Amino acid sequence: MKIVIAGATGDLSRRMLLPALYNLDADGLLAEDVRILGLSRQMLDRETFADMARETVEGRGHAFRREIWERFSARLDYLTADLTRPEGGAALASEVGESEAIFYLAVSPSLFDGICDTLNAVGLSHAPNRVVLEKPIGRDAVSSAQINAAVARAFSEDRTYRIDHYLGKETVQNLIALRFANTLFEPLWSSQSIDHVQITVSETEAVGDRWPYYDDYGALRDMLQNHMLQLLCLVAMEPPASLDPDSVRNEKVKTLRSLRPMRRADIGDLTVRGQYRDYAKECGRPTNTETYVALCAHIDNWRWAGVPFFLRTGKQLAEKRTQIVIQFKPVPHSIFTGAASSDLVANKLVIELQPKEDISILLMNKTPGLDGGGFRLSPLPLSLSLANAFGGDRRRIAYERLILDVIHNNSTLFVRRDEVEASWAWIDGIRAAWEEAGLAPRPYESGSWGPSSAYAMIAQQGRSWNE
Ligand code: BG6
(Lines give C-alpha, C1' and ligand atoms only; values in the text may rest on other atoms or scores of the structure.)
Protein backbone atom coordinates (compact mmCIF):
# COMPACT_ATOMS: atom_id res chain seq x y z
CA MET A 1 0.00 0.00 0.00
CA LYS A 2 1.15 3.53 -0.78
CA ILE A 3 0.20 6.49 1.38
CA VAL A 4 0.71 9.56 -0.76
CA ILE A 5 0.93 12.84 1.13
CA ALA A 6 0.31 15.77 -1.20
CA GLY A 7 1.72 18.84 0.56
CA ALA A 8 4.38 16.69 2.23
CA THR A 9 6.67 19.60 3.09
CA GLY A 10 3.86 21.69 4.60
CA ASP A 11 3.03 22.41 8.22
CA LEU A 12 0.37 19.72 8.69
CA SER A 13 2.50 16.99 7.22
CA ARG A 14 5.48 17.90 9.35
CA ARG A 15 3.72 18.62 12.61
CA MET A 16 1.14 15.86 12.52
CA LEU A 17 1.13 13.35 9.69
CA LEU A 18 4.74 12.18 9.65
CA PRO A 19 4.98 11.91 13.46
CA ALA A 20 1.62 10.09 13.55
CA LEU A 21 2.78 7.62 10.91
CA TYR A 22 6.05 7.10 12.75
CA ASN A 23 4.16 6.40 15.98
CA LEU A 24 1.96 3.87 14.22
CA ASP A 25 5.08 2.18 12.91
CA ALA A 26 6.66 2.23 16.37
CA ASP A 27 3.58 0.46 17.75
CA GLY A 28 3.77 -2.16 15.01
CA LEU A 29 0.54 -0.94 13.40
CA LEU A 30 1.83 -0.33 9.87
CA ALA A 31 1.90 -3.38 7.66
CA GLU A 32 5.23 -4.24 6.14
CA ASP A 33 4.21 -3.26 2.64
CA VAL A 34 3.15 0.32 3.57
CA ARG A 35 5.21 2.95 1.77
CA ILE A 36 4.88 6.68 2.29
CA LEU A 37 5.31 8.89 -0.71
CA GLY A 38 5.84 12.55 0.11
CA LEU A 39 4.80 14.77 -2.75
CA SER A 40 5.04 18.48 -3.31
CA ARG A 41 6.10 21.03 -5.88
CA GLN A 42 9.30 21.66 -3.97
CA MET A 43 12.43 20.25 -5.62
CA LEU A 44 13.80 17.86 -3.02
CA ASP A 45 15.45 14.49 -3.18
CA ARG A 46 14.47 11.48 -1.07
CA GLU A 47 17.34 12.02 1.40
CA THR A 48 16.45 15.64 2.09
CA PHE A 49 12.81 14.68 2.61
CA ALA A 50 13.85 11.88 4.97
CA ASP A 51 16.05 14.35 6.91
CA MET A 52 13.14 16.73 7.18
CA ALA A 53 10.92 13.88 8.38
CA ARG A 54 13.52 12.81 10.93
CA GLU A 55 13.76 16.30 12.38
CA THR A 56 10.01 16.54 12.80
CA VAL A 57 9.63 12.99 14.12
CA GLU A 58 12.36 13.52 16.69
CA GLY A 59 10.41 16.49 17.97
CA ARG A 60 6.95 14.90 18.06
CA GLY A 61 7.14 11.16 17.61
CA HIS A 62 7.01 9.12 20.79
CA ALA A 63 10.33 7.85 22.15
CA PHE A 64 12.50 8.27 19.08
CA ARG A 65 14.42 5.06 18.57
CA ARG A 66 17.09 4.45 16.00
CA GLU A 67 15.91 1.01 14.90
CA ILE A 68 12.33 2.22 14.45
CA TRP A 69 13.53 5.25 12.58
CA GLU A 70 15.49 3.02 10.23
CA ARG A 71 12.45 0.89 9.52
CA PHE A 72 10.30 3.99 9.10
CA SER A 73 12.70 5.92 6.88
CA ALA A 74 13.02 2.92 4.58
CA ARG A 75 9.31 3.41 3.84
CA LEU A 76 9.79 7.01 2.68
CA ASP A 77 9.94 8.17 -0.92
CA TYR A 78 9.63 11.61 -2.40
CA LEU A 79 8.26 12.94 -5.67
CA THR A 80 8.42 16.51 -6.96
CA ALA A 81 5.15 17.04 -8.83
CA ASP A 82 2.32 19.47 -9.38
CA LEU A 83 -0.87 17.44 -9.16
CA THR A 84 -2.97 20.11 -10.77
CA ARG A 85 -1.11 19.41 -14.04
CA PRO A 86 -1.33 16.32 -16.21
CA GLU A 87 2.47 15.78 -16.14
CA GLY A 88 2.35 15.71 -12.33
CA GLY A 89 -0.45 13.17 -12.45
CA ALA A 90 1.43 11.00 -14.93
CA ALA A 91 4.55 11.03 -12.75
CA LEU A 92 2.49 9.99 -9.73
CA ALA A 93 0.71 7.26 -11.68
CA SER A 94 4.01 5.68 -12.63
CA GLU A 95 5.20 5.83 -8.98
CA VAL A 96 2.01 4.28 -7.63
CA GLY A 97 1.68 1.65 -10.35
CA GLU A 98 -0.73 -1.11 -9.37
CA SER A 99 -0.46 -0.52 -5.60
CA GLU A 100 -3.48 0.24 -3.49
CA ALA A 101 -3.18 3.94 -2.64
CA ILE A 102 -4.42 6.49 -0.13
CA PHE A 103 -4.12 10.10 -1.31
CA TYR A 104 -3.86 12.45 1.64
CA LEU A 105 -4.45 16.00 0.43
CA ALA A 106 -2.67 18.15 3.00
CA VAL A 107 -2.99 21.17 0.73
CA SER A 108 -5.22 24.20 0.37
CA PRO A 109 -8.87 23.24 -0.28
CA SER A 110 -8.76 25.39 -3.40
CA LEU A 111 -6.63 22.59 -4.93
CA PHE A 112 -8.89 19.68 -3.98
CA ASP A 113 -10.98 19.69 -7.15
CA GLY A 114 -8.02 20.12 -9.53
CA ILE A 115 -6.09 17.33 -7.83
CA CYS A 116 -9.07 14.96 -7.83
CA ASP A 117 -9.61 15.67 -11.54
CA THR A 118 -5.98 14.79 -12.20
CA LEU A 119 -6.14 11.60 -10.13
CA ASN A 120 -9.22 10.63 -12.06
CA ALA A 121 -7.69 11.46 -15.43
CA VAL A 122 -4.58 9.37 -14.80
CA GLY A 123 -6.61 6.40 -13.57
CA LEU A 124 -5.71 6.57 -9.88
CA SER A 125 -9.16 7.13 -8.42
CA HIS A 126 -10.49 3.61 -8.87
CA ALA A 127 -11.51 1.37 -5.93
CA PRO A 128 -10.06 0.58 -3.45
CA ASN A 129 -8.02 3.81 -3.62
CA ARG A 130 -9.28 6.55 -1.35
CA VAL A 131 -8.79 10.23 -0.76
CA VAL A 132 -8.37 12.07 2.54
CA LEU A 133 -9.35 15.73 2.72
CA GLU A 134 -8.41 18.16 5.43
CA LYS A 135 -10.79 20.79 6.69
CA PRO A 136 -11.91 23.35 5.73
CA ILE A 137 -14.00 21.90 2.93
CA GLY A 138 -14.79 25.23 1.29
CA ARG A 139 -15.60 28.49 2.98
CA ASP A 140 -19.37 28.35 2.66
CA ALA A 141 -22.16 26.02 1.54
CA VAL A 142 -21.74 26.88 -2.15
CA SER A 143 -17.98 26.38 -2.31
CA SER A 144 -18.10 23.23 -0.19
CA ALA A 145 -20.78 21.77 -2.47
CA GLN A 146 -18.57 22.55 -5.46
CA ILE A 147 -15.56 20.85 -3.87
CA ASN A 148 -17.62 17.85 -2.81
CA ALA A 149 -19.07 17.50 -6.29
CA ALA A 150 -15.59 17.66 -7.86
CA VAL A 151 -14.26 15.06 -5.42
CA ALA A 152 -17.29 12.85 -6.07
CA ARG A 153 -16.50 12.79 -9.80
CA ALA A 154 -13.33 10.91 -8.89
CA PHE A 155 -14.00 9.10 -5.59
CA SER A 156 -17.22 7.54 -4.33
CA GLU A 157 -18.43 8.81 -0.94
CA ASP A 158 -17.37 5.62 0.87
CA ARG A 159 -13.82 6.23 -0.37
CA THR A 160 -13.77 9.93 0.60
CA TYR A 161 -12.44 10.62 4.10
CA ARG A 162 -13.02 14.15 5.39
CA ILE A 163 -10.92 14.65 8.46
CA ASP A 164 -11.92 16.62 11.49
CA HIS A 165 -9.01 15.91 13.78
CA TYR A 166 -11.16 16.52 16.87
CA LEU A 167 -12.88 13.22 16.12
CA GLY A 168 -9.51 11.49 16.46
CA LYS A 169 -9.04 12.75 20.01
CA GLU A 170 -9.40 10.07 22.66
CA THR A 171 -11.70 12.10 24.93
CA VAL A 172 -13.97 13.06 22.05
CA GLN A 173 -14.50 9.37 21.33
CA ASN A 174 -14.95 8.89 25.04
CA LEU A 175 -18.07 11.03 24.79
CA ILE A 176 -19.63 8.20 22.81
CA ALA A 177 -18.61 5.72 25.52
CA LEU A 178 -19.82 7.99 28.29
CA ARG A 179 -23.24 8.43 26.74
CA PHE A 180 -23.85 4.99 25.29
CA ALA A 181 -21.91 2.59 27.50
CA ASN A 182 -23.55 3.77 30.73
CA THR A 183 -27.19 3.61 31.75
CA LEU A 184 -26.70 6.47 34.14
CA PHE A 185 -26.83 9.43 31.80
CA GLU A 186 -29.28 8.64 29.04
CA PRO A 187 -32.46 9.05 31.15
CA LEU A 188 -31.17 12.46 32.24
CA TRP A 189 -29.91 13.53 28.83
CA SER A 190 -32.62 15.95 27.76
CA SER A 191 -34.45 19.14 28.60
CA GLN A 192 -36.12 17.29 31.48
CA SER A 193 -32.93 17.41 33.53
CA ILE A 194 -30.44 19.56 31.64
CA ASP A 195 -30.54 23.32 31.96
CA HIS A 196 -27.93 24.16 29.34
CA VAL A 197 -24.70 22.99 27.70
CA GLN A 198 -21.45 24.93 27.28
CA ILE A 199 -18.68 24.09 24.86
CA THR A 200 -15.47 26.09 25.14
CA VAL A 201 -12.44 25.74 22.89
CA SER A 202 -10.02 28.43 23.97
CA GLU A 203 -6.48 28.86 22.72
CA THR A 204 -3.66 31.01 24.02
CA GLU A 205 -1.80 31.22 20.74
CA ALA A 206 -2.04 34.12 18.35
CA VAL A 207 -2.80 33.58 14.68
CA GLY A 208 0.79 34.53 13.83
CA ASP A 209 2.03 33.69 10.36
CA ARG A 210 -1.11 31.69 9.54
CA TRP A 211 -2.92 34.99 9.03
CA PRO A 212 -3.16 34.80 5.19
CA TYR A 213 -5.37 31.70 5.61
CA TYR A 214 -7.02 32.72 8.87
CA ASP A 215 -7.98 36.21 7.83
CA ASP A 216 -10.04 34.77 5.04
CA TYR A 217 -11.87 32.44 7.42
CA GLY A 218 -12.09 33.73 10.99
CA ALA A 219 -13.08 31.79 14.09
CA LEU A 220 -16.58 30.97 12.89
CA ARG A 221 -15.36 29.12 9.81
CA ASP A 222 -12.07 27.86 11.25
CA MET A 223 -13.35 26.30 14.48
CA LEU A 224 -17.09 26.51 14.84
CA GLN A 225 -18.21 25.08 11.52
CA ASN A 226 -16.23 21.91 12.10
CA HIS A 227 -14.69 21.03 15.48
CA MET A 228 -17.26 22.69 17.69
CA LEU A 229 -20.29 21.53 15.75
CA GLN A 230 -18.87 18.01 15.81
CA LEU A 231 -18.61 18.21 19.60
CA LEU A 232 -22.14 19.55 19.75
CA CYS A 233 -23.35 16.65 17.60
CA LEU A 234 -21.74 14.04 19.85
CA VAL A 235 -23.35 15.63 22.90
CA ALA A 236 -26.77 16.13 21.33
CA MET A 237 -27.32 13.33 18.80
CA GLU A 238 -29.84 10.57 19.39
CA PRO A 239 -28.39 7.14 20.22
CA PRO A 240 -27.24 5.54 16.96
CA ALA A 241 -28.29 1.93 16.37
CA SER A 242 -24.66 0.87 16.06
CA LEU A 243 -21.19 2.31 15.61
CA ASP A 244 -21.18 1.72 11.89
CA PRO A 245 -20.38 4.84 9.85
CA ASP A 246 -23.83 5.54 8.55
CA SER A 247 -25.69 4.99 11.83
CA VAL A 248 -23.51 7.53 13.62
CA ARG A 249 -23.40 10.03 10.80
CA ASN A 250 -27.16 9.85 10.19
CA GLU A 251 -27.72 10.94 13.78
CA LYS A 252 -25.17 13.75 13.53
CA VAL A 253 -26.75 15.08 10.37
CA LYS A 254 -30.20 15.08 11.97
CA THR A 255 -28.80 17.14 14.83
CA LEU A 256 -27.18 19.65 12.49
CA ARG A 257 -30.40 20.02 10.56
CA SER A 258 -32.28 20.69 13.79
CA LEU A 259 -30.12 23.69 14.66
CA ARG A 260 -32.36 26.73 14.74
CA PRO A 261 -31.27 29.19 12.04
CA MET A 262 -30.04 32.49 13.47
CA ARG A 263 -32.33 35.32 12.52
CA ARG A 264 -31.08 38.78 11.75
CA ALA A 265 -33.21 40.10 14.64
CA ASP A 266 -31.49 37.78 17.19
CA ILE A 267 -27.92 38.05 16.04
CA GLY A 268 -27.00 40.91 18.39
CA ASP A 269 -28.38 39.04 21.43
CA LEU A 270 -27.25 35.53 20.58
CA THR A 271 -23.79 35.98 19.07
CA VAL A 272 -20.59 37.85 19.91
CA ARG A 273 -17.68 38.51 17.59
CA GLY A 274 -14.32 39.54 18.97
CA GLN A 275 -10.84 40.36 17.75
CA TYR A 276 -7.73 40.45 19.94
CA ARG A 277 -6.00 43.78 20.02
CA ASP A 278 -2.85 43.01 18.04
CA TYR A 279 -4.48 40.94 15.35
CA ALA A 280 -4.69 43.69 12.73
CA LYS A 281 -1.05 44.53 13.41
CA GLU A 282 -0.11 40.89 12.72
CA CYS A 283 -1.97 41.04 9.44
CA GLY A 284 -0.38 44.38 8.62
CA ARG A 285 -3.73 45.88 7.60
CA PRO A 286 -7.11 46.72 9.07
CA THR A 287 -9.33 43.66 9.15
CA ASN A 288 -12.83 42.76 10.20
CA THR A 289 -12.17 39.06 10.75
CA GLU A 290 -13.19 37.63 14.13
CA THR A 291 -10.63 35.77 16.24
CA TYR A 292 -13.30 35.02 18.84
CA VAL A 293 -16.87 33.94 18.61
CA ALA A 294 -19.46 33.08 21.23
CA LEU A 295 -23.02 32.13 20.54
CA CYS A 296 -26.15 30.64 21.94
CA ALA A 297 -27.59 27.87 19.76
CA HIS A 298 -30.86 26.00 20.01
CA ILE A 299 -31.62 22.54 18.75
CA ASP A 300 -35.24 22.37 17.74
CA ASN A 301 -36.21 18.81 18.52
CA TRP A 302 -38.09 16.94 21.21
CA ARG A 303 -35.03 16.17 23.34
CA TRP A 304 -33.47 19.61 23.44
CA ALA A 305 -36.40 22.03 23.26
CA GLY A 306 -35.60 25.05 25.42
CA VAL A 307 -32.01 24.01 26.25
CA PRO A 308 -29.46 26.62 25.13
CA PHE A 309 -26.09 25.42 23.86
CA PHE A 310 -23.46 28.09 24.50
CA LEU A 311 -20.41 27.78 22.30
CA ARG A 312 -17.29 29.93 22.42
CA THR A 313 -13.87 29.79 20.88
CA GLY A 314 -11.01 32.20 20.36
CA LYS A 315 -7.32 32.85 19.97
CA GLN A 316 -5.09 34.63 22.50
CA LEU A 317 -7.35 33.79 25.40
CA ALA A 318 -6.45 33.21 29.03
CA GLU A 319 -5.98 29.43 28.79
CA LYS A 320 -5.73 26.56 26.37
CA ARG A 321 -8.85 24.63 27.24
CA THR A 322 -11.36 22.42 25.52
CA GLN A 323 -14.25 21.73 27.80
CA ILE A 324 -17.85 20.61 27.65
CA VAL A 325 -20.13 21.40 30.56
CA ILE A 326 -23.50 19.75 30.95
CA GLN A 327 -25.29 21.89 33.47
CA PHE A 328 -28.18 20.09 35.16
CA LYS A 329 -31.27 21.80 36.53
CA PRO A 330 -31.49 22.67 40.22
CA VAL A 331 -33.44 20.36 42.52
CA PRO A 332 -37.16 21.00 42.00
CA HIS A 333 -37.73 21.74 45.68
CA SER A 334 -35.17 22.41 48.38
CA ILE A 335 -35.72 20.85 51.80
CA PHE A 336 -32.74 22.81 53.14
CA THR A 337 -33.30 26.04 54.90
CA GLY A 338 -31.11 28.86 56.15
CA ALA A 339 -27.43 28.80 55.17
CA ALA A 340 -27.68 25.32 53.64
CA SER A 341 -30.29 26.50 51.20
CA SER A 342 -27.94 29.10 49.73
CA ASP A 343 -25.13 26.50 49.52
CA LEU A 344 -27.15 24.45 47.12
CA VAL A 345 -25.83 24.46 43.55
CA ALA A 346 -27.05 22.39 40.65
CA ASN A 347 -25.10 19.32 39.48
CA LYS A 348 -22.88 19.56 36.48
CA LEU A 349 -20.92 17.16 34.38
CA VAL A 350 -17.62 18.65 33.21
CA ILE A 351 -15.77 16.94 30.39
CA GLU A 352 -12.24 18.27 29.94
CA LEU A 353 -10.71 17.35 26.63
CA GLN A 354 -7.60 19.52 26.70
CA PRO A 355 -5.04 20.09 28.13
CA LYS A 356 -5.94 17.40 30.67
CA GLU A 357 -8.38 14.62 29.99
CA ASP A 358 -10.79 14.45 32.83
CA ILE A 359 -14.46 13.87 33.48
CA SER A 360 -16.06 15.00 36.69
CA ILE A 361 -19.54 15.31 38.13
CA LEU A 362 -20.18 17.98 40.65
CA LEU A 363 -22.36 16.56 43.44
CA MET A 364 -23.69 18.20 46.56
CA ASN A 365 -22.46 16.81 49.88
CA LYS A 366 -23.00 17.55 53.49
CA THR A 367 -20.08 19.49 54.92
CA PRO A 368 -18.96 17.56 58.01
CA GLY A 369 -19.61 19.44 61.23
CA LEU A 370 -22.29 21.17 63.23
CA ASP A 371 -22.30 24.52 61.44
CA GLY A 372 -25.54 26.13 60.37
CA GLY A 373 -27.65 23.97 62.64
CA GLY A 374 -25.75 20.89 61.55
CA PHE A 375 -26.46 21.20 57.86
CA ARG A 376 -24.10 22.97 55.51
CA LEU A 377 -23.68 21.76 51.97
CA SER A 378 -20.76 21.87 49.59
CA PRO A 379 -20.26 20.71 46.02
CA LEU A 380 -17.56 18.06 45.48
CA PRO A 381 -16.36 16.69 42.17
CA LEU A 382 -16.58 12.97 41.55
CA SER A 383 -13.66 12.74 39.24
CA LEU A 384 -12.63 10.24 36.61
CA SER A 385 -9.12 11.24 35.71
CA LEU A 386 -8.25 9.40 32.54
CA ALA A 387 -4.55 10.09 33.11
CA ASN A 388 -4.70 8.33 36.49
CA ALA A 389 -6.79 5.45 35.25
CA PHE A 390 -4.77 4.82 32.10
CA GLY A 391 -1.59 6.63 33.12
CA GLY A 392 0.74 4.25 31.31
CA ASP A 393 -0.72 4.97 27.90
CA ARG A 394 0.93 7.81 26.10
CA ARG A 395 -1.34 10.47 24.68
CA ARG A 396 -1.75 9.78 21.00
CA ILE A 397 -1.73 12.34 18.22
CA ALA A 398 -5.36 12.45 16.99
CA TYR A 399 -4.17 11.70 13.47
CA GLU A 400 -2.85 8.27 14.46
CA ARG A 401 -6.31 6.90 15.05
CA LEU A 402 -7.69 8.60 11.94
CA ILE A 403 -4.94 7.44 9.59
CA LEU A 404 -5.32 3.91 10.91
CA ASP A 405 -9.06 4.07 10.26
CA VAL A 406 -8.43 5.16 6.66
CA ILE A 407 -6.05 2.25 6.21
CA HIS A 408 -8.75 -0.08 7.58
CA ASN A 409 -11.58 1.51 5.58
CA ASN A 410 -13.55 2.65 8.60
CA SER A 411 -15.24 5.99 8.09
CA THR A 412 -17.23 6.31 11.34
CA LEU A 413 -14.94 9.10 12.58
CA PHE A 414 -14.97 11.01 9.29
CA VAL A 415 -17.37 13.65 8.18
CA ARG A 416 -19.91 12.76 5.51
CA ARG A 417 -20.77 15.08 2.68
CA ASP A 418 -24.24 15.93 3.97
CA GLU A 419 -22.79 16.75 7.41
CA VAL A 420 -20.39 19.28 5.90
CA GLU A 421 -23.15 20.82 3.87
CA ALA A 422 -25.61 20.98 6.79
CA SER A 423 -23.07 22.66 9.05
CA TRP A 424 -22.12 25.19 6.40
CA ALA A 425 -25.78 26.00 5.83
CA TRP A 426 -26.17 26.94 9.51
CA ILE A 427 -22.88 28.84 9.65
CA ASP A 428 -23.69 30.75 6.45
CA GLY A 429 -26.90 31.94 8.10
CA ILE A 430 -24.91 33.45 10.97
CA ARG A 431 -22.43 35.09 8.65
CA ALA A 432 -25.18 36.53 6.47
CA ALA A 433 -26.95 37.90 9.54
CA TRP A 434 -23.70 39.47 10.78
CA GLU A 435 -23.20 41.13 7.44
CA GLU A 436 -26.76 42.38 7.25
CA ALA A 437 -26.54 43.74 10.78
CA GLY A 438 -23.04 45.17 10.20
CA LEU A 439 -21.85 43.41 13.38
CA ALA A 440 -18.16 44.25 13.73
CA PRO A 441 -15.84 42.28 16.06
CA ARG A 442 -15.34 43.77 19.53
CA PRO A 443 -11.73 44.20 20.62
CA TYR A 444 -10.46 42.13 23.54
CA GLU A 445 -7.21 42.03 25.48
CA SER A 446 -4.81 39.20 24.85
CA GLY A 447 -4.84 36.82 27.80
CA SER A 448 -8.45 37.65 28.70
CA TRP A 449 -11.53 35.46 28.22
CA GLY A 450 -12.72 37.50 25.24
CA PRO A 451 -14.92 40.58 24.88
CA SER A 452 -17.05 41.55 27.84
CA SER A 453 -20.13 41.31 25.63
CA ALA A 454 -19.72 37.50 25.78
CA TYR A 455 -20.48 37.74 29.52
CA ALA A 456 -23.40 40.02 28.85
CA MET A 457 -24.74 37.62 26.22
CA ILE A 458 -24.82 34.61 28.53
CA ALA A 459 -26.02 36.69 31.48
CA GLN A 460 -28.93 37.87 29.38
CA GLN A 461 -29.89 34.20 29.04
CA GLY A 462 -29.74 33.86 32.83
CA ARG A 463 -26.54 31.77 32.91
CA SER A 464 -22.80 32.30 33.32
CA TRP A 465 -19.65 30.80 31.78
CA ASN A 466 -17.95 28.01 33.66
CA GLU A 467 -14.49 29.45 34.39
C1 BG6 B 1 -7.35 23.74 13.56
C2 BG6 B 1 -7.56 25.22 13.37
O3 BG6 B 1 -8.29 23.01 12.82
O4 BG6 B 1 -7.48 23.41 14.93
C5 BG6 B 1 -6.57 26.00 14.22
O6 BG6 B 1 -7.40 25.56 12.01
C7 BG6 B 1 -6.63 25.55 15.66
O8 BG6 B 1 -6.81 27.40 14.11
C9 BG6 B 1 -6.53 24.05 15.78
O10 BG6 B 1 -5.55 26.17 16.35
C11 BG6 B 1 -6.80 23.60 17.20
O12 BG6 B 1 -6.53 22.23 17.34
P13 BG6 B 1 -6.16 21.60 18.74
O14 BG6 B 1 -6.08 20.13 18.46
O15 BG6 B 1 -4.85 22.20 19.16
O16 BG6 B 1 -7.26 21.97 19.69
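Just so you know, these numbers come straight off a predicted model, no measurement behind them. Every heavy atom of this structure was used, including side-chain atoms; hydrogens, water molecules and symmetry mates were not.
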Looking at Arg41, I want to see if its CZ is surrounded by more than 12 non-hydrogen atoms of other residues, nucleotides or ligands under 6.0 Å.
no

Please determine whether a side-chain nitrogen of the Lys or Arg among Asp140 and Arg221 lies less than 4.0 Å from a carboxylate oxygen of the Asp or Glu.
no

Determine, for Lys281 against Asp278, whether the closest basic-nitrogen to carboxylate-oxygen distance falls under 4.0 angstrom.
yes

Over 12 non-hydrogen atoms of neighbours within 6.0 angstrom of CZ in Arg442:
no

Check: Leu21 and Glu400 side chains under 4.5 Å, non-hydrogen atoms
no

Can you name the one residue among Ile326, Leu188, Val307, Asn347 that meets side-chain contact (heavy atoms from CB on, under 4.5 Å) with Ser193?
Leu188

Hey, would you say the Tyr217 and Tyr214 ring centroids sit under 6.0 Å apart?
no

Kindly check if the number of other-residue, nucleotide or ligand heavy atoms within 6.0 Å of CG (Asn182) is above 12?
yes

Measure the shortest side-chain to side-chain distance between Asp164 and Phe414 over non-hydrogen atoms and say whether it is less than 4.5 angstrom.
no

OG of Ser247 to NZ of Lys252, rounded to nearest 0.5 Å, is 12.0 Å

Measure the shortest side-chain to side-chain distance between Leu105 and Leu111 over non-hydrogen atoms and say whether it is less than 4.5 angstrom.
no

Could you check whether atom CZ of Arg264 has more than 12 heavy atoms from other residues, nucleotides or ligands sitting under 6.0 Å from it?
yes

What are the two closest non-hydrogen atoms of Arg257 and Asp418, and how far apart are they?
NH2-CB, 3.6 Å

Determine, for Glu203 against Lys315, whether the closest basic-nitrogen to carboxylate-oxygen distance falls under 4.0 angstrom.
yes

Determine the interplanar angle of the Trp189 and Trp304 rings, folded into 0 to 90°, and report it as parallel if under 30°, tilted if 30 to 60°, perpendicular if over 60°.
perpendicular

Ring centres of Phe309 and His298 under 6.0 Å apart?
no

Decide, yes or no, whether a salt bridge links Lys254 with Glu251 under the criterion of side-chain N to carboxylate O below 4.0 Å.
yes

Looking at Glu282 and Arg210, is any side-chain nitrogen of the basic one under 4.0 Å from a carboxylate oxygen of the acidic one?
no

Which distance, rounded to the nearest 0.5 Å, do you find between the CD of Gln354 and the CD of Gln323?
12.0 Å

Any chance you could lay out the side-chain contact (heavy atoms from CB on, under 4.5 Å) test for Val107 and Ile115, step after step, and finish with the verdict?
CA-CA 10 Å; Val107 296; Ile115 292 180; 3.9 Å; yes

Smallest separation among heavy atoms of Phe185 and Leu178, with atom names
CD1-O, 3.5 Å

Ile102 and Asn129, any side-chain heavy atoms less than 4.5 Å apart
no

With side chains defined as the heavy atoms from C-beta onward, is the minimum distance between Tyr399 and Leu12 less than 4.5 Å?
yes

Mark yes or no: Arg312 above the aromatic ring of Trp449, with NZ or CZ under 6.0 Å from the six-membered ring centre and no more than 45 degrees from the axis.
yes

Looking only at heavy atoms, the pair that brings Pro451 and Pro443 closest together is CB-O, 4.3 Å

side-chain contact (heavy atoms from CB on, under 4.5 Å) with Val415: of Val253, Leu167, Ile163, only one passes, and it is Leu167

Taking the side chain from Gln327 and the backbone from Lys348, do they hold a donor-acceptor pair closer than 3.5 Å?
no

